[in-house]
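Shown next, in structure tokens, is the structure this report addresses.
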Amino acid sequence: MSSTYNHKIIEETVQKKWSKEERYLSKVDDREKYYCLSMFPYPSGKLHMGHVRNYTIGDVISRYKRMRNFNVFQPMGWDAFGLPAENAAIANNVNPSDWTDQNIENMKTQLQSLGFSYDWSKELRTCDPSYYKWEQLIFKKFFDAGLVYRKKSLVNWDPVDETVLANEQVIDGKGWRSGAQIEIKEIDQWFIKITDYADELLDSLESLDWPENVKLMQKNWIGKSNGAEIKYKIHGSDEFLTTFSTRPDTIYGVSFIAISPNHPMAIKLSEDDDSILSFLEKCKETSAAEADMAKAEKLGIDTNIKVIHPLTGEKLSVWIGNFVLLDYGTGVVMGVPAHDSRDHEFAKKYNLEIKQVIKSENDELPSVEKGTLINSDTFDGLSSEEASKRIITKLIELNSGEELIQFRLRDWGVSRQRYWGCPIPVVYEDGSPKVIDELEMPIELPKLGKNSQPIPLSQNSDFINASDNIMRESDTFDTFMDSSWYYARFTSADNDKQIFDENSKYWLPVDLYIGGIEHAILHLLYSRFFHKALRDIGLVEGDEPFKRLLTQGMVLKDGAKMSKSKGNTVDPQPYIEKYGADTVRLYMMFTSPPEQSLEWSESSVEGAARFLKKIWSLVEGRRYINFECEFEFEKDEVDLRRKSHATLKKVEHDYEIRFSFNTAIAAIMELLNYIPDNFKNENASDAQKFCLNEAIVFSLKMLSPIAPHICEYLWEDFFFDGDSIESSWPEFDENIIEADEFELIIQVNGKVRGKMVISKSLEEDEVKNLAMEEDNVKNHLNENTIKKIIFIKDKLINFVI
RNA sequence: GGGGAUGUGGUGGAACUGGUAGACACGCUUGGCUUAGAACCAAGUGCCGCAAGGCGUGGGGGUUCGACUCCCUCCAUCCCUACCA
């Protein structure tokens, strides 16, 4: 009598076996390697369904690759520094370090219960000094390579809490805790010259096997544009205001010049002018986030300064505009209201001239399209492209400008004024900064007492006062620094002598990187930059860290990204307990393709559980029979074999090429539904049993990357003294898949009017005659003249009447 | 504001290269089993219509013998926007 499917016993048994065998520890050997990495989590407390989805995808591919005889490396670790630990510490009176440790422990238990085949011997956490000492060393090497500098830059300042706020902590211009109106403040910070690599970051995108949309986002983010620097002489002075524009062809449409509120000239003017001063104060009230600035109403103030247009000699007013960014271009823009929508909005508001100088198909202003020049003196009639070239030439002659390539990408500000982060390894000796020696690393984060709240390092006098005239840097690193090189450290995580040892040469680069689409730009761009910079200082090989990328869509709840900070997470634990890890994994993979975003719903978890029960009751108690003889197969046997082999081919393609696990599962379900009931009987013929054997072997193997516990458990019993289920992937036979008949679709005027199963060997004429005789088709043809026949071999015939 | 995506039955989704729209599931309906329920099994299930047939992939337009798929346009939703990770 067969037993019922008990996920608890099965999963426990199988997981114990894995850990006893140390099955997923990876060692360098002579097989082809496959480094499969899923983005490590921030230890926020518990896993949520977004994590389950991400890590199941990674595990399915790892297990599949292992069956294809790849040497697979799949590590896991913790992105453990960050703001939420500080917030939790303040809210619950716990130490950020204890809170983080506790969360890691919980989440690790959850990951293990899901049966992910990680090599835990390489586990790392970014908050360990043993990890971040190497990060401090990298910073030093970057500094020595000239990639690090200090610069003033803007932060959100909460005047009540007297802290710097993250953009996320500013809600409608107010501090989230204090509710105070935030202000933009300028402070000294550390920067890394990612812009030195702008061209390479752009060019080598081409070599990557990444989704096109991600490459496009990175390309647009880097934003290389050809344009011109144009100098406007200040009236009554020998000085110039230099603007950057990508559209020099619109220069005759300039009706004003606008400078950023943070431009030195604006700040200087505010010293003697109260109305300008109060305008600048007002500009400080919008948060530093780009989205907030762009959405804010365009505001400006006339400085009463005039500049001279280099080509027309016209006097133009200089305004201060809140929409001008100091960090992009020169912090000064030429206002062309007819051909730029921001300039247009601004000009409308302040009644500035709107002069059309480009004629394009769409004449409605503002029109940002390129076209033909009008109202542009001798340049009239030229195309935008040609005019841009000639105008630049003219400006060069007049010594009023030059051609310039500009990037949107800005240097990376890595300073954070917080506690729970990696200390920046710098000391100030009599005020001047110096990166500390490697031998003194790591500079450890000072420990806090048991329930004590985090205080920014700047307020920790024991920490900052290193000695009489030596002060420590109080900023910590942006946590993106921590996550920019962990993929490489994993390969050597158990080596405390070397940052990257011999193993790193074998395992790198990452063959497949899997993570949320929300990381498409920042994290992935910073990591790519790190890899190139590490290459140039001789620490890694190759140009790119991640060969292939799979970006999974967001798991949404109530229409928003599932995350701890939004408080809309769904904990997988109750589902794991009730249905088991295999069901949860199967459900997550079945419910939608990985790249698509997914609104959480538990509506068909039951269906996944039911399917596992079904395969259990088919296989449990049955034994593989090794037939020696050859068979003459009957039709239904041939059909089942064709289905088995065709399914295997499809699933292979779905795992390997498409990453389309939902369709792979559907195909396996179809195969099981396809098995005729009489094949499962005791008194089935040997040939039938042979075909059933094949279907079962294929199904268990195909399903095992997704539901590894039940498949391995069933396999051990079914195949008793044979190989492990992981030892191989079966092979399909194209000859068995090939059929000699197909279903012909018969259309009249593009509408399906009939179907018939016919032999593939028929000629077009024979097919046509057969098709025309089909009853319903005959009706629709109804003695009309056939004007045209479209014939697609082995598929369709369409009569046009 | 800018950049990137998505939109198909009551629900999740399938249709891979312009060629059968709705595979596979969930749910629901009916029947079987059962004292009853759960579980399980069988049949049905896009919409309108008694039927013949017609309509149907966010809305509108176009290309084509043929459009979920290509083009134009509009709408809605989600992600990123440099200090959430």
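Chain naming here is simple, since letters A, B, ... match the order of the sequence lines and numbering starts at 1 in each.
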> Just by modelled atom types, is the M39(A) backbone N or O under 3.5 Å from a matching donor or acceptor in the H519(A) side chain?
Replying inline: no
> Any N or O donor-acceptor pair linking the side chain of Q417(A) to the base of C83(B) at under 3.5 Å?
Replying inline: yes
> When all nucleic acid strands are considered with a 4.0 Å heavy-atom cut-off, which category describes K561(A): base, sugar-phosphate, or nothing?
Replying inline: base
> Taking the side chain of I792(A) as its heavy atoms from C-beta onward, which of G19(B), C84(B), A82(B) lies nearest to it?
Replying inline: G19(B)
> Which comes earlier along RNA chain B counting from the 5' end, the contact point of K788(A) or that of V214(A), where each point is its nearest nucleotide?
Replying inline: V214(A)
> Within less than 4.0 Å of OP1 or OP2 of A25(B), is there a side-chain N or O belonging to N662(A)?
Replying inline: no
>> Show me, range against range, the stems involving RNA chain B, built from at least 3 consecutive Watson-Crick or G-U pairs below 3.5 Å.
In response: B:1-7 with B:75-81, B:10-12 with B:24-26, B:27-32 with B:40-45, B:46-48 with B:53-55, B:58-62 with B:70-74
>> Using a heavy-atom cut-off of 4.0 Å across all strands, would you classify E670(A) as base, sugar-phosphate, or nothing?
In response: sugar-phosphate
> Should R416(A) be listed as having a side-chain N or O under 4.0 Å from OP1 or OP2 of C83(B)?
Replying inline: yes
> What is the nucleic acid contact for F323(A), judged by heavy atoms within less than 4.0 Å: base, sugar-phosphate only, or nothing?
Replying inline: nothing
> On RNA chain B, nearest-nucleotide positions of D558(A) versus N220(A): which is more 5'?
Replying inline: N220(A)
>> Can a side-chain donor-acceptor contact be found between T246(A) and S225(A) if the only test is distance below 3.5 angstrom?
In response: no
> Could a donor-acceptor pair under 3.5 angstrom be found where the side chain of E599(A) meets the base of G12(B)?
Replying inline: no
> Is S601(A) near enough to U11(B) that one of its side-chain N or O atoms lies under 4.0 angstrom from OP1 or OP2?
Replying inline: no
>> Looking only at the side chains, is there a donor atom on one of R177(A) and Q169(A) sitting less than 3.5 Å from an acceptor on the other?
In response: no
>> Less than 4.0 angstrom between a side-chain N/O of R658(A) and OP1 or OP2 of A15(B), yes or no?
In response: yes
> Residues two or more places apart in sequence or in another chain: which of them pass ring-ring contact (aromatic ring centres under 6.0 Å, His included) with F346(A)?
Replying inline: F256(A), W319(A), F323(A), Y350(A)
> Any side-chain N or O of R610(A) less than 4.0 Å from the OP1 or OP2 oxygen of G27(B)?
Replying inline: yes
> Base, sugar-phosphate, or nothing for P41(A), non-hydrogen atoms under 4.0 angstrom?
Replying inline: nothing
>> Taking the ring of Y131(A) and the ring of W485(A), is the distance between their centroids below 6.0 Å?
In response: yes
> Where the side chain of N798(A) is concerned, which of C55(B), G19(B), A85(B) is the nearest nucleotide?
Replying inline: G19(B)
> Would you say K751(A) reaches C55(B)'s phosphate, i.e. side-chain N/O to OP1/OP2 under 4.0 Å?
Replying inline: yes
> Does N167(A) make a side-chain donor-acceptor contact with the base of C83(B), cut-off 3.5 Å?
Replying inline: no
> Between N673(A) and A23(B), does any side-chain N or O lie under 4.0 Å from OP1 or OP2?
Replying inline: no
>> For G13(B) and Q596(A) - does any side-chain N or O of the residue sit under 4.0 Å from the phosphate oxygens OP1/OP2?
In response: yes
> Do Q189(A) and R150(A) come within less than 4.5 Å of each other through their side chains, counting heavy atoms only?
Replying inline: no
>> Quick check for you: to the nearest 0.5 Å, what is the distance between M562(A) atom CE and H51(A) atom NE2?
In response: 10.5 Å
>> Using a heavy-atom cut-off of 4.0 Å across all strands, would you classify F611(A) as base, sugar-phosphate, or nothing?
In response: nothing
> Looking at the angle O4'-C1'-N9-C4 for a purine or O4'-C1'-N1-C2 for a pyrimidine, is G61(B) syn or anti, with syn meaning within 90° of 0?
Replying inline: anti
>> Quick check: any donor-acceptor pair below 3.5 Å linking the side-chain of Q189(A) to the base of C83(B)?
In response: yes
